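Note sheet for the following structure.
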2 protein chains.
Amino acid sequence: MNFTACITVGLKDGMLDPEATTILKALNNQGFHVESLKAEQKFTAIFEATSKSDAHAQAVSMCEQLLANPVIQRYEIEVF
Amino acid sequence: MNFTACITVGLKDGMLDPEATTILKALNNQGFHVESLKAEQKFTAIFEATSKSDAHAQAVSMCEQLLANPVIQRYEIEVF
């Protein structure tokens with residue numbers, strides 16, 4: 001059975017995020033008054049799994065092995 | 001009043017996505033059997049607005065002016 005995993009990968013709290021800082025500055029230079037900005041990556045993967053928990057376990061492996069750097073990044077997984 | 005806008009920016013349907021293709025290949029090379037993969041950017045911005053609809057309008061301007069390339073990208077905005 002096919003499952004869809006929505007995976008959000010972002011920096012752990014306390015890590016410097018130069019990408020978000022740059023975008024925040026650019027927005028404020030354009031006249032917006034943005035207080036804070038967070039930039040993350042979102043992956044939507046469709047794959048086969050035997051159950052929802054198997055799908056979740058596979059998604060965790062994908063994050064640990066490839067999609068995220070577990071040293072500095074955290075990830076959230078939602079399976080449908 | 002402060003509002004939070006969750007903005008997801010991704011390529012329009014039909015656009016080639018070499019980033020997603022590369023990640024998909026890499027996942028399958030690692031032994032996963034992923035059928036399809038979509039890669040998007042997610043921004044979470046906190047800013048002041050007079051109302052929810054004002055906040056939404058500001059988020060649309062941010063996308064059109066800076067966060068997305070409206071020629072090849074689409075965006076979704078959720079305001080809280």
Side-chain angles (χ1 to χ4, degrees), chain A residues 1-11 13 17-50 54-69 73-80, chain B residues 1-11 13 17-50 54-69 73-80:
Chain A
M1 197 180 152
N2 270 355
F3 288 87
T4 303
C6 286
I7 301 166
T8 309
V9 178
L11 286 167
D13 286 342
D17 188 348
E19 184 194 354
T21 310
T22 308
I23 296 170
L24 181 65
K25 272 188 200 163
L27 282 171
N28 288 335
N29 286 343
Q30 298 240 359
F32 298 103
H33 302 285
V34 181
E35 261 181 39
S36 80
L37 187 110
K38 209 164 65 170
E40 295 169 307
Q41 278 182 294
K42 190 179 161 189
F43 300 104
T44 311
I46 299 174
F47 54 91
E48 202 155 310
T50 51
D54 174 39
H56 192 275
Q58 283 194 48
V60 169
S61 299
M62 289 178 206
C63 288
E64 293 284 334
Q65 288 180 40
L66 196 110
L67 298 178
N69 174 353
Q73 289 179 313
R74 50 162 189 68
Y75 49 84
E76 280 157 41
I77 297 165
E78 268 185 289
V79 177
F80 307 98
Chain B
M1 197 181 152
N2 269 354
F3 288 87
T4 303
C6 287
I7 300 166
T8 310
V9 178
L11 287 167
D13 286 342
D17 189 348
E19 184 193 355
T21 310
T22 308
I23 297 170
L24 181 65
K25 272 190 199 160
L27 282 170
N28 288 334
N29 285 344
Q30 297 239 0
F32 298 103
H33 302 286
V34 182
E35 262 181 38
S36 80
L37 187 109
K38 208 164 64 169
E40 295 168 307
Q41 278 182 295
K42 190 179 161 190
F43 301 102
T44 311
I46 299 174
F47 54 92
E48 201 155 312
T50 51
D54 174 40
H56 192 275
Q58 283 194 48
V60 169
S61 298
M62 288 178 206
C63 288
E64 293 285 334
Q65 287 179 40
L66 197 111
L67 298 178
N69 174 353
Q73 290 179 312
R74 51 164 188 69
Y75 50 84
E76 279 156 43
I77 297 165
E78 267 185 291
V79 176
F80 306 99

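Everything quoted here is computed from the prediction, not taken from an experiment. Proteins come first, then strands; the chains are lettered A, B, ... in the order of their sequence lines, and each starts at number 1.
Rounded to the nearest 0.5 angstrom, Q41(B) CD and K42(A) NZ are separated by 12.5 Å. With values rounded to the nearest 0.5 angstrom, I7(A) atom CD1 is found 7.5 Å from L37(B) atom CG. Remark: E35(B) CD to F3(A) CZ distance equals 12.5 Å, nearest 0.5 Å. Rounding to the nearest 0.5 Å gives a distance of 11.5 Å between CG of N28(A) and CZ of F47(B).
Counting heavy-atom pairs closer than 4.5 Å to chain B, the top-ranked of the candidates T4(A), V9(A), N2(A) is N2(A).
With contacts defined as side-chain heavy-atom distances shorter than 4.5 Å, the pair E48(B)/H33(A) does not qualify. F32(A) has its side chain within reach of M62(B): a pair of non-hydrogen atoms, C-beta onward, lies under 4.5 Å apart. Side-chain contact between E40(B) and E40(A): absent, with no pair of heavy atoms (C-beta onward) separated by less than 4.5 Å.
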Test side-chain contact (heavy atoms from CB on, under 4.5 Å) on L27(A) and L66(B); report intermediate values, then the result. CA-CA 7 Å; L27(A) 282 171; L66(B) 197 111; 4.0 Å; yes
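With a 4.5 angstrom heavy-atom cutoff, I23(A) touches chain B via backbone and side-chain atoms both. Heavy atoms closer than 4.5 Å to chain A are found in the side chain of T8(B), but not in its backbone. Only the side chain of L67(A) comes within contact range of chain B, with at least one heavy atom under 4.5 Å from a heavy atom of that chain.
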